Structure formats: structure tokens, C-alpha cells
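For the numbers below, each heavy atom of this structure counts, side chains included, while hydrogens, waters and symmetry mates do not. Owing to the predicted nature of the structure, the values given are computational and were not obtained by experimental measurement. First the proteins, then the strands, lettered A, B, ... as listed; each starts at 1.
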Number of protein chains: 2
Amino acid sequence: MADQHPPRPPTIYDVAQAAGVAPSTVSRAFARPGRVNSQTAERIRAAATAIGYRANPVAQALSTARTRMIAVLVSDLSNPLYAELLRGAQVAASAAGYGVLVEDTREDAATERETAERILPLVEGVLLTSSRMSDSAIRSIAKQRPVVVLNRGLTDVSCVVADEQRGARRAVEHLGEAGHRDLAYASGPDASWTNGARWRAFSDACHELELTGRRIGPFEPTFAGGFEAALALAGARSTAVVAFNALMAVGLIRGLQQAGLVVPDQVSVVGFDDVLIGQIVSPALTTVSTPMQSMGATGLRNLLGLVNGARSRSPGPVVVPARLVIRDSSGPPGAQGG
Amino acid sequence: MADQHPPRPPTIYDVAQAAGVAPSTVSRAFARPGRVNSQTAERIRAAATAIGYRANPVAQALSTARTRMIAVLVSDLSNPLYAELLRGAQVAASAAGYGVLVEDTREDAATERETAERILPLVEGVLLTSSRMSDSAIRSIAKQRPVVVLNRGLTDVSCVVADEQRGARRAVEHLGEAGHRDLAYASGPDASWTNGARWRAFSDACHELELTGRRIGPFEPTFAGGFEAALALAGARSTAVVAFNALMAVGLIRGLQQAGLVVPDQVSVVGFDDVLIGQIVSPALTTVSTPMQSMGATGLRNLLGLVNGARSRSPGPVVVPARLVIRDSSGPPGAQGG
DNA sequence: ATGAAAGCGCTAACAT
DNA sequence: ATGTTAGCGCTTTCAT
């Protein structure tokens with residue numbers, strides 16, 4: 001025999017009928033378990049499972065004006081760092097009963113903006129993990145829905161950033177203690193907020209510790225960019241270099257090795273971000289580890305806070321800790337160094 | 001002055017009033033542009049933009065029973081391979097006007113199943129990118145909503161897999177042409193469908209080309225697992241090894257080097273999956289590249305096909321091509337080899 | 001071509 | 001504690 005008509009999923013009306021109560025009572029039994037007689041509630045639950053009832057989230061959303069969904073915008077999902085952020089955010093959302101709508105904005109500010117506007121009516125809040133939009137574009141989104149921005153400081157909008165300040169400081173201290181006096185910072189893209197923060201923190205730390213801190217670049221934030229930086233470094237007298245990110249740091253190590261230099265004996269290399277490749281490269285990379293997953297999670301929880309009516313807390317960004325992971329690419333400057 | 005009451009977003013009723021027509025006409029003007037007088041349509045559009053109207057997707061979904069959302073389940077977002085799949089899927093969905101609801105199922109079959117069931121009422125279809133569920137669990141989901149499974153063959157459910165057959169074949173051919181006669185396959189997890197497919201294809205190719213094809217393992221599908229495989233390989237007489245995935249291949253290279261062997265002069269190494277680390281490691285990894293993004297995109301498009309009433313096409317899985325990328329970790333067996 | 005009205009499944013006053 | 005009754009914003013017959 002063929003099936004009946006496509007079986008429409010059961011509704012509260014079906015449950016109500018089966019349990020001999022009014023639909024609203026069924027609704028209450030699920031939404032406000034306290035406000036219904038426990039006997040009745042039991043009967044309702046039984047009826048519901050018997051006929052396979054499951055609440056229709058769309059109808060709930062329409063009725064309550066709460067979709068229980070958050071949009072997470074990522075500029076490039078194939079970048080493992082952003083994937084980690086997304087993961088942290090997704091898990092945190094799920095724990096709070098929220099769904100995550102991802103959008104890969106392909107590194108393009110216009111795409112990002114359109115995407116945000118398009119998706120806005122469907123979500124209760126927006127998490128921007130690596131926004132390429134202007135500050136004003138972000139503020140304009142934030143006017144329509146709660147927004148939390150990751151990896152970028154910005155007034156009037158809730159932000160979460162890693163403690164670049166302390167991370168860079170620890171890197172410089174580590175290098176200074178090892179005996180380096182002349183450090184270089186291999187810069188990433190000028191447009192990157194993170195790059196600016198890292199360079200400033202690096203520079204400040206060098207001043208305080210009375211070390212020379214020069215800057216080279218900017219370079220592409222890639223392996224190739226790091227490789228290029230290694231060439232640029234040949235001219236400088238620095239015995240240690242801090243790279244904008246791990247990929248560049250790995251490129252630097254390889255570039256230096258190619259030039260016949262030994263890492264860390266002749267040049268020490270420190271990176272930012274703890275990615276797998278830094279652990280596998282030889283020598284293994286000393287790096288400032290910024291906890292991407294917990295940033296994603298923190299950002300999402302703050303966002304849910306805003307969604308649920310919390311006033312945005314501190315005036316400044318929320319800061320998650322960064323720490324230095326010391327491996328084998330850094331050490332005391334050797335005899336041939338400098 | 002303070003703002004008025006929280007400004008409720010404009011509805012078709014507001015637009016209708018502003019344009020002097022009935023709400024249903026406004027609805028038509030947007031949904032079925034042909035079925036309304038172009039003059040009127042123009043007036044409606046003008047009014048809509050003037051008051052900033054935007055359709056409420058929740059109401060549309062409730063009314064039409066189409067949410068225009070797809071669930072994508074991933075077992076581990078921090079795995080770059082899955083992140084790539086997700087990216088391909090997301091972009092394809094977006095192009096079709098669909099949203100993607102991601103869920104990281106944390107490598108756990110039970111979590112995955114619960115997640116799927118929970119999210120089912122909200123989506124029109126489900127894309128399983130790396131399912132840990134049993135075949136029967138998958139079929140049970142597929143009974144409720146259209147499902148497409150990636151990276152796994154399975155009857156009665158629409159699947160997309162890479163051409164492991166041809167990929168492994170090319171790898172073996174390449175090694176055979178270079179002069180290797182005794183090859184090893186470093187196996188990944190027994191539970192992995194992909195691992196089985198790769199081993200079978202490897203084994204078949206070896207038979208056809210009259211080469212010895214042994215199997216070692218299973219190992220963890222990680223750098224450490226590959227490293228371990230290098231030790232196991234010491235006992236065998238193979239001069240070339242094909243690893244289950246790129247991470248293992250890189251671990252193998254390192255393990256072999258550690259043991260004083262030169263890659264590829266003494267042992268050739270070939271991997272599967274083209275990830276950044278394979279390009280950076282030295283020697284750069286020869287590998288079978290499976291196009292993750294296009295797999296994600298293909299899977300999603302097929303899923304939308306099913307959603308829109310297409311009968312699932314061929315009986316077998318859809319196959320996307322794989323190709324061999326020859327780099328520096330493979331070559332002719334050297335004098336000391338074997 | 002357009003309007004009127006019912007209904008999608010649920011929630012939330014308001015009654016009782 | 002439970003039932004009655006309006007909506008939420010849109011789509012979709014069915015009239016006109």
C-alpha cells in the first residue's frame with residue numbers, strides 16, 4: 001500500500017485533543033512546566049510522545065519574536081583561526097539553546113555588509129569574527145541588532161579581543177631575558193587592527209625594557225610573506241624577530257634557514273597564534289597563543305547577554321588572556337648572531 | 001528627546017496603507033512580480049523602500065512551510081578539511097538563497113543524532129559532512145528530511161564522495177613508474193569509511209600493476225600517528241608509503257628523517273588531502289588532492305535538488321574527481337633503498 | 001488586477 | 001489550574 005497523504009507533523013491541537021485539554025494548556029505544559037497541574041502535565045507529555053509531537057520553532061519564533069538564532073559572520077572559513085572562533089561560538093550557542101547561522105563573507109566588506117543586512121531579520125544578534133567593514137558600517141548594524149565584534153577594538157560596540165598587550169610583552173621579555181638586545185617586528189597588513197595592536201605592544205615593551213625594537217614590512221600574513229621578511233631581515237642587526245602571525249613566523253624560519261642561518265642559534269623567531277603547523281615545523285615555533293575557541297565562546301555569551309537585555313558592560317573591550325608557549329625557535333643569541 | 005516606543009519593523013500592512021492597496025497585493029508584488037500591475041508594483045516598491053520595509057522571513061516560513069535553511073553537521077570544525085567542506089556548502093547555499101545552520105557534533109555519534117533530531121523541524125534538509133552515526137541512524141534521519149552524506153558511501157541515501165579509487169590508483173602508478181616495487185599503506189582508523197576506500201583502492205591498484213602492497217597500522221590519523229607509522233615501517237621492505245591522510249604523511253616524513261632516512265631518496269611518501277602543511281613541510285608532500293570545497297558545494301546543491309523534489313538520481317554516490325599533486329616527497333628508490 | 005478573509009502553529013493576555 | 005480568544009506577518013484561495 002502507498003502511504004497516506006504526506007503526514008502533516010502533529011501540532012499542539014493534536015496533542016490537546018489526545019490529552020483532552022485545551023491547546024493553550026499544552027503550550028504551557030512545555031513552556032512553563034510550573035504553571036500546570038503535574039497530573040495534567042504528565043498526561044500531556046504522554047500524549048505528545050505517543051503521537052510524536054515536536055514544537056514548531058518557526059511558529060514559536062513568529063509568536064514570540066525570538067528566533068533563537070545568532071548570525072556568525074566569518075571572512076574566511078578556510079582559515080583555521082576563524083574556524084576555531086566559529087567552533088567556540090557554535091558550542092556556546094548550542095549550550096544556550098541557540099542556533100548559529102554562518103556566513104562566509106569572502107574577505108569582502110561589501111559582501112559582508114549585504115550579508116549582515118540580509119540576515120538581520122532572522123537573528124537575534126550578530127557576531128562579527130573578523131570584520132572587514134568600516135567602523136561606521138559596524139555601528140549601523142549594531143543599531144539594528146545586538147552586535148559583538150571579535151578581534152577588533154571599537155567604541156560604542158561590544159568587543160572581545162585577546163590580550164595582545166600582554167602577549168607581546170611576554171614575547172619581548174622572553175627574548176630580552178635570553179639576551180637579545182635588538183628585536184624586529186615583522187609586520188602584517190596595515191589594515192589589520194590586530195597587527196596594529198601587536199606592533200604597538202611590541203614597541204612599548206621594547207621601550208620599557210630598553211631594547212631596540214625595529215619594524216619591518218608590511219608583508220603578506222602568509223608563509224610567503226614570512227619568507228620575504230627573512231630576506232628583509234638580512235640587512236638588519238636584529239638577533240630576534242617577532243612575526244605578526246604563525247604562518248609568517250614559519251615562513252621566516254624557513255627563509256632564514258634557506259639563507260644559511262640557524263634558528264634559534266643565530267636568529268630567534270617568535271610568532272602569534274598557536275596553530276598546528278607551528279608545532280610541526282622544525283624547530284617548533286615559540287608563539288603567543290591566543291585562545292580562539294574561548295574568544296568565540298566569550299563573544300557569543302556576551303552577545304546573548306546583550307540579546308537578553310544586559311547593558312553593554314565596560315566601556316572598553318573584553319580581554320581574553322594570551323600566553324607565551326615557549327618551544328624551540330627561540331633561545332639565547334649565539335656567537336655568530338648580530 | 002527619547003525615542004518613541006521601540007519601533008516595530010514595518011509590515012506589509014504598513015506598506016499597503018502607504019501605497020493605498022491591500023496587503024495581499026503587497027505580498028504579490030514581492031513574491032510574484034508578474035501578477036501585479038507594473039504601475040502598482042512600482043508604487044508599492046517605492047512605499048516599501050520609503051518606510052524601510054523588509055519581509056519577515058519567519059512569517060514567510062510559517063506560512064509557506066519553507067524555512068530556506070539547511071543544517072550542516074560537522075564532527076569537528078577545527079579540522080581544516082571540514083571547515084573547507086562547510087565553506088563550499090555555505091557559499092553554495094547562499095547562492096541559492098538558503099541559510100546554513102552549522103552544528104559541531106564533537107566527534108560523537110550520540111551528540112550528532114540528538115543534534116540532528118533537534119534541528120530537523122527548522123530546516124529543509126541536512127548535510128552530513130563527516131558523520132559518526134550508524135547507517136541506520138542516518139537512514140532514520142533521511143526518512144524525515146532530505147539528507148546528503150559527504151565522504152561516505154551508503155545505500156538508499158544520496159552521497160558525495162571523492163574519487164578515492166582513481167586518486168589511490170594515480171598514487172600507486174606514480175610510485176610504480178618511479179621504480180618502486182614494494183609499497184606500504186599506512187592505515188587510518190578502521191571505523192573510517194574513507195580509510196577503507198583508500199586501502200581497497202590502493203590494494204587493487206597494486207594488484208593490477210603487479211606490485212607488492214602491504215598494509216601497516218591502524219594509526220591515529222594525526223602527525224603522531226604518522227610518526228609512529230615511520231617506526232613500524234622500519235621493519236618492512238617497502239621503499240614507498242602511502243598514508244591515509246596528509247597529517248600522517250607529514251608525521252611519516254618526520255619520523256623517517258628522525259630515523260636517519262632521506263625522503264624521498266630512501267623512502268617515498270605520498271599522502272591524501274591537500275592541506276597547507278603539506279606544502280610547507282620539507283620535502284613538500286606529494287599528495288592526492290580531494291577538492292573539499294567543491295564537494296561541499298556539490299553536496300549542498302544535490303541536497304537542494306532533493307528538497308525541491310528531485311528524485312535522488314543514480315543509485316551510487318556522486319563522485320568528485322581527485323588528482324595527484326606531485327611535489328618533493330616522492331621519487332625513484334635510491335641505492336640504499338629497500 | 002486587486003481585495004477580503006482564512007489559516008500556518010504557537011503564545012499570551014484575559015476570563016473563569 | 002485551565003479554557004477562550006486574539007494576534008504574530010505572511011501567503012493563498014476565492015471573489016470581484
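- Using a 4.0 Å cut-off between charged nitrogen and carboxylate oxygen, B/Glu124 and B/Arg68 do not count as a salt-bridge pair.
- Rounded to whole angstrom, the span from the CZ atom of B/Arg68 across to the C1' atom of D/dC10 amounts to 15 Å.
- Ion pairing between a basic and an acidic side chain is recognised when a charged N comes within 4.0 Å of a carboxylate O; B/Arg106 and B/Asp76 show no such pairing.
- Pairs passing the salt bridge (Lys or Arg N to Asp or Glu O under 4.0 Å) check and including a residue from residues 46-64 of chain B, sequence neighbours excluded, read A/Glu117-B/Arg54.
- Although no hydrogens or angles enter the test, the distance criterion places a donor-acceptor pair under 3.5 Å between the side chain of A/Arg145 and the main chain of A/Val123.
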For every nucleotide of nucleotides 6-16 of chain C, 5' to 3': is a protein heavy atom under 4.0 Å from its base (B), only from its sugar-phosphate (S), or from neither (-)? -BBBBBBB---
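- Taking atom CZ on A/Arg66 and atom P on D/dG9, their separation rounds to 16 Å, with Å as the unit.
- The residue from A/Ile141, A/Ile138, A/Val72, A/Leu303 that alone fulfils the side chain to side chain contact (heavy atoms under 4.5 Å, CB included) condition with A/Leu128 is A/Ile138.
- Scored by the side chain to side chain contact (heavy atoms under 4.5 Å, CB included) test, A/Glu84 finds A/Met292, A/Gln293, B/Ser78 as partners (sequence neighbours excluded).
- Between A/Asn37 atom CG and D/dT2 atom P the separation is 4 Å, expressed in whole Å.
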Throw together a table of side-chain donor-acceptor distances under 3.5 angstrom for residues 13-27 of chain B, partners on residues two or more places apart or in other chains.
unit_1: B/Asp14; atom_1: OD2; unit_2: B/Thr11; atom_2: N; d: 2.7

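- In this structure, A/Glu42 places its CD atom 17 Å from C1' of D/dA1, rounding to the nearest Å.
- For the helix from C/dA1-D/dT16 to C/dT16-D/dA1, the end axes, each set by the C1' atoms of five terminal pairs, are bent relative to each other by 40° (nearest 10°).
- Between the CD1 atom of B/Ile44 and the C1' atom of D/dC10 there is a distance of 15 Å, given to the nearest Å.
- Applying the salt bridge (Lys or Arg N to Asp or Glu O under 4.0 Å) test to pairs two or more places apart or on separate chains, none has a residue in residues 290-307 of chain B.
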